[in-house]
Amino acid sequence: MRGGRRLFPLLLLALLPGLCHGREPAPGAVTCGSVLKLLNTRHSVRLHSHEVKYGSGSGQQSVTGVEASDDANSYWRIRGKSDSSCQRGTPVKCGQAIRLTHVNTGKNLHTHHFPSPLSNNQEVSAFGDDGEGDDLDFWIVQCSGTYWEREDAVRFKHVGTEVFLSITGEQYGHPIRGQREVHGMSAANHHNYWKAMEGVFIKPSLDPAKHDEL
């Protein structure tokens with residue numbers, strides 16, 4: 001017994017490094033499969049898309065920012081570079097590449113070397129069919145911790161062209177009057193911070209079927 005008593009504290013000390021490094025995701029982590037709205041914290045508009053194509057540039061489906069919080073066209077699903085790389089309920093890590101799929105049209109958030117129509121930055125569009133597009137649909141989540149937390153303001157850096165998903169305030173006229181231009185910018189600044197808002201968040205747990213609605 002005496003030897004066992006001396007051994008127990010040693011075993012506990014050996015386990016402590018794994019217990020104290022904060023490896024477990026917090027309940028507020030954004031997870032793969034979650035459906036959410038993204039708020040640009042500088043301009044207070046939500047990332048949005050709809051079946052309206054650009055009249056110039058790529059001619060693909062336009063992506064804008066809207067002030068309304070209740071617009072159903074502002075929901076995006078969090079996915080990985082492949083479905084196997086981001087299984088439902090898995091917390092998204094800072095530095096991880098993801099896809100943002102527009103729920104109502106099935107197209108992915110996308111950018112490429114076309115000028116945006118208002119600011120002449122880089123055009124951001126929605127591209128693909130039924131969630132499948134190409135390699136220009138990948139965005140890296142930039143945040144300061146281990147996981148993307150719902151309370152965090154994060155940046156999305158495009159893998160292929162290295163621009164940041166941004167809004168600088170330019171407004172469209174007809175037929176999407178008042179909506180803001182979304183574009184890519186080469187510089188990291190206060191125009192490209194985004195925060196997770198309304199949505200259905202899959203809880204990070206051993207049972208990924210569980211979720212909570214906000």
Is there a path of hydrophobic side-chain contacts, each under 4.5 Å between heavy atoms of I, L, V, M, F, W or Y residues, that connects L109 with L136?
no

Quick note, salt bridge (charged side-chain N to carboxylate O under 4.0 Å, His left out) partners involving residues 165-193, not counting sequence neighbours, are E67-R180

If every non-hydrogen atom of A97 is compared with every non-hydrogen atom of V159, which pair is closest and at what distance?
CB-CG2, 4.3 Å

From the list R99, K107, K81, H110, side chain to side chain donor-acceptor pair (under 3.5 Å) partner of D137 resolves to H110

Heavy-atom pair with the smallest gap, counting every atom of Q87 and C32:
O-CB, 3.3 Å

Tell me if the CD atom of Q171 is crowded by more than 12 foreign heavy atoms within 6.0 Å.
yes

Restricting to non-hydrogen atoms, name the atom on Q60 and the atom on F127 that form the minimum distance, rounded to 0.1 Å.
NE2-CD1, 3.4 Å

Test of understanding: clusters of I, L, V, M, F, W, Y form through side-chain heavy atoms closer than 4.5 Å, transitively. Do V66 and L38 belong to the same one?
no

Side chains of T111 and V124 in contact at under 4.5 Å (non-hydrogen atoms):
yes

With K195 via salt bridge (Lys or Arg N to Asp or Glu O under 4.0 Å) - residues at least two apart
E151

What I'd like to find out is whether the side chain of Y193 reaches to under 4.5 Å of the side chain of R155, using heavy atoms alone.
yes

Taking Y54 as the starting point, is it possible to reach I176 by hopping between hydrophobic residues whose side chains are less than 4.5 Å apart?
yes

Would the distance check show the side chain of Q122 and the main-chain N or O of P115 forming a donor-acceptor pair, the cut-off being under 3.5 Å?
no

From CH2 (W194) to NZ (K37), nearest 0.5 Å:
13.5 Å

Would the distance check show the side chain of K157 and the main-chain N or O of A188 forming a donor-acceptor pair, the cut-off being under 3.5 Å?
no

Any heavy-atom pair between the side chains of E123 and S56 that's under 4.5 Å?
no

Between NE2 on residue H191 and OG on residue S119, distance to nearest 0.5 Å
10.5 Å

Would you sort out whether I167 and R42 count as a side-chain contact (heavy atoms from CB on, under 4.5 Å), showing the intermediate values?
CA-CA 8 Å; I167 291 179; R42 173 68 175 180; over 6 Å; no

If I compare all heavy atoms of C94 with all of S144, which pair ends up nearest, and what's the gap?
SG-N, 4.1 Å

Are I202 and Y75 linked, directly or through other ILVMFWY residues, by side chains that come within less than 4.5 angstrom of each other?
no

Can a donor-acceptor pair be found, under 3.5 Å and without considering hydrogens, that links the side chain of N192 to the backbone of G184?
no

Any sub-3.5 Å donor-acceptor pair from R79's side-chain atoms to G131's backbone N or O?
yes

Are the side chain of S116 and the backbone N or O of N121 linked by a donor-acceptor pair below 3.5 Å?
yes

Spell out, yes or no, whether V92 and V154 are grouped together once hydrophobic residues are joined by side-chain heavy atoms under 4.5 Å, including indirect joins.
yes

Which distance, rounded to the nearest 0.5 Å, do you find between the CZ of R77 and the CD1 of I98?
13.0 Å

Which residue pairs satisfy the ring-ring contact (aromatic ring centres under 6.0 Å, His included) criterion with at least one member in residues 160-190, sequence neighbours excluded?
none

Evaluation steps, side chain to side chain donor-acceptor pair (under 3.5 Å), between S49 and Q61:
CA-CA 7 Å; S49 192; Q61 183 170 300; 2.9 Å; yes

Hey, are the side chains of E198 and S69 touching, using non-hydrogen atoms and a 4.5 Å cut-off?
yes

For Y147 and P91 the tightest heavy-atom approach is CD2-CB, 3.4 Å

Can you tell me how far CD1 of I78 sits from CD of Q96, rounded to the nearest 0.5 angstrom?
10.0 Å

Mind running side chain to side chain donor-acceptor pair (under 3.5 Å) on H50 and H102 for me, showing each step along the way?
CA-CA 9 Å; H50 39 223; H102 188 244; over 6 Å; no

Check F156 against W139 and note the closest heavy-atom contact, atom names and distance.
O-CE3, 3.6 Å

Just how far is it from atom CG of L165 to atom CG of N40, taken to the nearest 0.5 Å?
8.0 Å

L36 CG to F201 CZ distance, which is reported to the nearest 0.5 Å
5.0 Å

